[in-house]
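To start, the structure under review is shown below, and the notes come after it.
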Amino acid sequence: MTMRLDYLSIFPAYFDVLDISLLGKAAVNGLVEVHAHDLRDWTHDRHRTVDDTPCGGGAGMVMKPDPWGEAFDEIIGTEPDSSVHVIFPSPSGAPFTQSAAQELSSAVRIVFCCGRYEGIDHRVIDYARSMWTVHEVSLGDYVLNGGEVAALAITEAVVRLVPGFMGNPESLAEESFSAGQDGLLEYPLFTRPVSWRGLDVPEVLMSGHHGRIAKWRRDESVRLTCERRPDLTDSDFGVPH
Ligand SMILES: CN1CCC[C@H](Cn2ccc3ccc(-c4n[nH]c(N)c4C#N)cc32)C1
């Protein structure tokens with residue numbers, strides 16, 4: 001089943017990058033289908049206006065609802081369909097997580113609505129909620145200038161989980177944040193040369209003793225998680241004392 005991805009933005013060229021790397025290959029293999037749209041194509045004035053001053057006053061400009069509604073009608077349609085996932089990146093959205101990426105990886109259709117200025121008229125989101133499955137999500141606790149970068153990050157997190165996308169699906173099991181890793185951060189990685197600029201690969205990794213290697217890796221994951229992400233340690237993880 002091909003996953004169709006649509007991107008609505010006043011900077012659609014942001015999404016040209018999706019033609020390269022693994023994503024480009026996935027498109028070639030028919031796993032995903034990418035369509036980027038210029039929101040200004042649904043304006044009707046000479047200046048192709050997409051914004052206006054905020055009702056109630058305040059700084060900056062707000063994106064008008066009209067172009068979004070007309071773009072929705074043409075790109076998605078005018079009939080409700082809960083199988084269509086519409087994503088609004090927003091600093092006030094719910095944190096985007098690996099489990100959200102996992103859920104979205106089985107979607108047949110995802111539409112990214114990339115706001116700019118101070119944001120999108122809220123009625124656009126309310127209308128979308130009345131029609132489709134809406135996700136207002138945030139990439140993290142920092143402010144970007146628009147939703148495009150977040151849409152690209154979410155796309156990569158989702159598409160890499162689509163069955164058939166990754167050459168070696170086993171590599172997905174050992175990742176940070178994946179269920180198989182107990183919510184721990186990934187352990188440090190090493191490869192050849194064994195000695196580099198006076199720095200050596202930990203001896204245990206060269207021992208060939210799989211039990212010891214597994215223990216070292218687990219201990220390192222627990223150590224790193226306790227140090228850097230105490231918020232992920234909802235239990236003792238058997239932290240070595
Ligand atoms: C000064 N103002 C403050 C409000 C946001 C304005 C810029 N903007 C307009 C649309 C839009 C969409 C997402 C994000 C965003 N920022 N940080 C994240 N994690 C995001 C995500 N996902 C930012 C955005 C700038």
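Ligands are counted one by one from 1 in listed order, and the atoms in each one are counted from 1 as well. Please read these numbers as outputs of a predicted model, since none were measured by experiment.
Of the listed options Gly146, Gly93, Ala150, Gly146 places a heavy atom closest to atom 24 (C) of ligand 1. Comparing heavy-atom distances from atom 4 (C) of ligand 1 across Pro91, Ala153, Gly119 singles out Pro91 as nearest.
The ligand atoms of ligand 1 that sit less than 4.0 angstrom from a heavy atom of Tyr142 are 16 (N), 17 (N), 18 (C), 19 (N). Contact atoms of ligand 1 toward Val137: 22 (N) (distance under 4.0 Å to a heavy atom of the residue). Listed by atom number, the atoms of ligand 1 under 4.0 Å from Ser138 heavy atoms are 19 (N), 22 (N). Near Tyr117, with a cut-off below 4.0 Å to any heavy atom, the atoms of ligand 1 are 6 (C), 7 (C), 8 (N), 9 (C), 25 (C). Close approach of ligand 1 to Pro89 (heavy-atom distance below 4.0 Å) involves ligand atoms 12 (C), 13 (C), 22 (N).
With hydrogens and angles ignored, the 3.5 Å screen pairs a side-chain donor or acceptor of Thr133 with a backbone N or O of Ser82.
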Worked verdict on Thr155 versus Phe15 for side-chain contact (heavy atoms from CB on, under 4.5 Å): CA-CA 10 Å; Thr155 298; Phe15 305 101; 5.9 Å; no
Stepwise side chain to side chain donor-acceptor pair (under 3.5 Å) check, Glu74 with His37: CA-CA 11 Å; Glu74 186 171 330; His37 311 273; over 6 Å; no
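Under 4.0 Å from ligand 1, the heavy atoms of Ser90 that appear belong solely to its backbone. Contacts with ligand 1 closer than 4.0 Å are made by no heavy atom of Asp141, backbone or side chain.
Contact check on Glu203 versus Arg212 returns no salt bridge, with no Lys/Arg side-chain nitrogen under 4.0 Å from an Asp/Glu carboxylate oxygen. Using a cutoff of 4.0 Å between basic side-chain nitrogens and carboxylate oxygens, Glu220 and Arg223 are scored as salt-bridged.
Closest protein heavy atom to atom 19 (N) of ligand 1: Gly140 O, 3.0 Å. Looking only at heavy atoms of the protein, atom 16 (N) of ligand 1 is closest to Leu144 N, 2.9 Å. Given atom 1 (C) of ligand 1, the protein heavy atom at minimum distance is Glu118 OE1, 3.5 Å.
Around atom CD of Glu156, no more than 12 heavy atoms belonging to other residues, nucleotides or ligands sit under 6.0 Å away. Counting heavy-atom neighbours within 6.0 Å of His122 NE2, excluding the residue itself, gives a total above 12. Heavy-atom neighbours of Asp231 CG from other residues, nucleotides or ligands within 6.0 Å: above the threshold of 12.
Ligand 1 does not have Ile120 within reach: every non-hydrogen atom of the residue lies 4.0 Å or more from it.
Considering backbone and side-chain atoms together, Arg116 places no N or O closer than 3.5 Å to any N or O of ligand 1.
When every heavy atom of Arg123 is checked against every heavy atom of Pro65, the shortest pair comes out as NH2-CG, 3.9 Å.
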